[in-house]
Number of protein chains: 4
Amino acid sequence: MKKNKPKYKQIIDAAVEVIAENGYHSSQVSKIAKKAGVADGTIYLYFKNKEDILVSLFQNKMGQFIEKIEQETTSRQNAEEKLLTLIETHFEQLSLDHHLAIVTQLELRQSNKELRLKINDVLKRYLAVIDQIVAEGVEENLFRKQLDARLVRQMIFGTLDETVTNWVMKDQRYNLTSQAKEVHSMIVHGLST
Amino acid sequence: MKKNKPKYKQIIDAAVEVIAENGYHSSQVSKIAKKAGVADGTIYLYFKNKEDILVSLFQNKMGQFIEKIEQETTSRQNAEEKLLTLIETHFEQLSLDHHLAIVTQLELRQSNKELRLKINDVLKRYLAVIDQIVAEGVEENLFRKQLDARLVRQMIFGTLDETVTNWVMKDQRYNLTSQAKEVHSMIVHGLST
Amino acid sequence: MKKNKPKYKQIIDAAVEVIAENGYHSSQVSKIAKKAGVADGTIYLYFKNKEDILVSLFQNKMGQFIEKIEQETTSRQNAEEKLLTLIETHFEQLSLDHHLAIVTQLELRQSNKELRLKINDVLKRYLAVIDQIVAEGVEENLFRKQLDARLVRQMIFGTLDETVTNWVMKDQRYNLTSQAKEVHSMIVHGLST
Amino acid sequence: MKKNKPKYKQIIDAAVEVIAENGYHSSQVSKIAKKAGVADGTIYLYFKNKEDILVSLFQNKMGQFIEKIEQETTSRQNAEEKLLTLIETHFEQLSLDHHLAIVTQLELRQSNKELRLKINDVLKRYLAVIDQIVAEGVEENLFRKQLDARLVRQMIFGTLDETVTNWVMKDQRYNLTSQAKEVHSMIVHGLST
DNA sequence: TATGAATGAGTATTCATTCAT
DNA sequence: GATGAATGAATACTCATTCAT
């Protein structure tokens, strides 16, 4: 399995760095190879083409990202706490990896529609977690019954995403994680019975 | 003033059409020129370069978009109604111009960071309208005092933007405007005292 | 009509020179452009791609080649003289353009099967001239009736082609045209009643 | 002697198959190695480089081809019969090995000039057989004295080669061997006293 | 103003060959 | 002898922009 070989991870990590530092359109394959410490041709032993590096990067990093959120939230008692944990974990993880934050919030969005569709596939797992928490909240009688699942999902994800993007565009100059509580408060109010 | 000459508008309208139909990366200057019925070189009499077409396009279209929202909202009595009007007008306008919706929600986001910063500048006027309504809501004692203006702005804009993007990505197959009321409800709940 | 613009011919002539001097596989588009005195991109205003340069080259040069042979042969009185004229004109023309001889006999044969099929199309006009002369020879009772047209065509073209190729491979060190008479003699004998 | 080890022949046979099936330019060393059932690197224990595979292939297969022709022709009584046998054996052998026919008539000609010069070396043995038969024909007073040996050789080889190439390009759809008699007739006529 | 022919910089990918095991 | 992972050189084509007319 190629994904477990050390060079696979080396190349993905190099890609994150190179893209964060140079921007999507100035990230040539040769630059990524150099940063990864391999020959240009070696890239193609592990990835089908340049786009495959980006998709794999997103799947790999986002996979870990979502897994962490799944882990943290399941241990909580109720929907309200779970939602807070989700927001905090979301913010925390991106705060801890500045390069990744730049890549996911800014650079990867410059990719073409096709790549963005693949990225959306990966995000579905995240949206499922949100749906699950909201459903629990409804059962716990914390949230209103009549909520439209899609709209709720869009509000939560849209708010978090916009918040992180603004923070990245302001060069990550303020503390993102500390905003989790207030974002949580607004969302819970918005959904409450 | 070049902006009032007919070819200026011709070129911008051609750009919207071409980008909506072909996607950002397949929208060459020559294609836009052809659709606009002018020679390639003529483009450069009206715009500094290709990026300038896109920025101008966004300024022009978004200017009208925001103006309309300003007009509609000022005539309303209170913050709650103004917010509903803002959401409805936002959704309505993009529903009425499918090409523009594709361009603003999907294609223009593939531009580089620099262009996106300029786009953000244009959006400031829109965010100012949101801020103003929220401030009124606080004064009217409808919304909580301690709200962080930036976070509120991000929640509102993030939610609307995510909602519209999802609708565009689903090929605009359902009615967007009819979702305004529920989105409004969630946001107002989220901010209420 | 692009084919009549001066740059079209410039590029084709440059291609013949570059290919004759460097060989098919070392004839980069940029080298041809440089020799033609135009920018790389200009090539693509006149030709669809690299292969199109080669096909056009062959069509253009071979077109003239065959036309000349058609002209010279029609003025002759009988099949025997026509055949001699054909052979002489064939040899003469390639003797007069050493670069073209190298390109048609050696370099262009390295192209892929697809290109070679297109080249064969061009040759059909030449083979038709041969067929016509042979048919006349049969009518004049100079040649045997039972001859298989295809085999005759293959003998004549095969002999001429092999003769020219050998002369080119021997670096054109001897006089090709002076061999026309003897080749003619062998062929006429071969077909005679 | 490497040439007698089993892998040597394995690789050459694999090369013929791969080239016949995929064409010269799609016949990568790794594909040949796979078909031969050896590792890529193993190829280089038996051949100096890729070109060496092709030259060896031609030497090996053509060696057998010419040997067979030498055997068959020597047993015949006179030049006329020998020439017929040569033509028949030439056609027969290529008819019996369709892959080899494709490789020698079409694919190997796409190689560069250098390789073709080496291929010509191998052919000298074949041309010597032709020369010998023609000389015998002259002695037997069957053929004219004044014939130029090189031109005769070119006529015979050119005719046979063109005939086989046409048959291969027509996808070997008709019987090649049955054309031997008429080809023979034309050539003998062409050389006769 | 308007034209459109000409420019030329910039880059992903393949594949013959090597060499440590 | 045998392997196969790693190497890295080499090149056609696009398209934003210019400028002579």
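Numbered from 1 within each chain, the chains take letters A, B, ... in sequence-line order. Please read all numbers here as calculations on a predicted model, not as lab measurements.
Rounded to whole Å, atom P of E:dA6 lies 9 Å from atom CD1 of C:Ile11. Between B:Ile53 atom CD1 and F:dA16 atom P there is a gap of 9 Å when expressed in whole angstrom units. The separation between A:Lys50 atom NZ and E:dT13 atom P is 8 Å, rounded to whole Å. When rounded to the nearest whole Å, the span between CG of C:Leu54 and P of F:dA12 equals 11 Å. Regarding A:Asp52, its CG atom lies at a distance of 12 Å from the P atom of E:dT14, rounded to whole Å. B:Tyr44 has its OH atom 13 Å from the P atom of F:dC15, to the nearest Å. Rounded to whole Å, the distance from CG on C:Asn22 to P on F:dT11 is 11 Å. The interatomic distance linking B:Lys31 (NZ) with E:dG4 (P) rounds to 19 Å, in whole Å.
Among the atoms of the strands shown, only primed sugar atoms or phosphate atoms (P, OP1, OP2) are found under 4.0 Å from some heavy atom of D:Lys7. As judged by a 4.0 angstrom heavy-atom cut-off over every strand, D:Phe47 is placed among residues making no nucleic acid contact.
The D:Asp40 side chain lies nearest to F:dG4 when the options are F:dA12, F:dG4, E:dT14. Comparing atom distances between the C:Gln28 side chain and each of E:dT17, F:dT17, F:dT11 picks out F:dT11 as nearest. Listed candidates were F:dA16, F:dT7, E:dT17. Nearest to the side chain of A:Val38 is F:dT7. If you check E:dT3, F:dT3, F:dA5 against the side chain of B:Ala39, the one that comes closest is E:dT3.
Two residues are said to be in side-chain contact when any heavy atoms from C-beta on lie closer than 4.5 Å; D:Arg116 and C:Gln110 meet this criterion. Using a 4.5 Å cut-off on side-chain heavy atoms (C-beta onward), B:Asn60 and B:Lys9 make contact. The closest side-chain heavy-atom distance from D:Val38 to D:Leu45 is not below 4.5 Å. Two residues are said to be in side-chain contact when any heavy atoms from C-beta on lie closer than 4.5 Å; D:Val122 and D:Ile119 fail this criterion. Here the side chains of A:Ser56 and A:Tyr8 are in contact, with some heavy-atom distance below 4.5 Å.
Between D:Tyr46 and F:dA2, a side-chain N or O to OP1/OP2 separation shorter than 4.0 Å is present. Between D:Lys5 and F:dG1 there is a side-chain polar atom (N or O) within less than 4.0 angstrom of OP1 or OP2. Residue C:Thr42 places at least one side-chain N or O under 4.0 Å from the OP1 or OP2 atom of E:dT7.
C:Asp121 and C:Lys124 are joined by a salt bridge, as a carboxylate oxygen and a charged side-chain nitrogen come within less than 4.0 angstrom of each other. Checked for salt-bridge contact, C:Glu21 and C:Lys31 miss the test: no charged N lies under 4.0 Å from a carboxylate O.
Along DNA chain F, the nucleotide closest to D:Leu45 and the one closest to B:His25 are compared, and the more 5′ of them pairs with D:Leu45. For the pair B:Gly41 and A:Ser26, nearest-nucleotide mapping onto DNA chain E gives the more 5' position to B:Gly41.
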For DNA chain E, the dot-bracket notation using Watson-Crick and G-U wobble pairs below 3.5 Å, [ ] for pseudoknot-type crossings and | for other-strand pairs, is .||||||||||||||||||||

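For residues 14-35 of chain B, the ring pair (Phe, Tyr, Trp, His ring centres under 6.0 Å) pairs, not counting sequence neighbours, are A:His25-B:His25.
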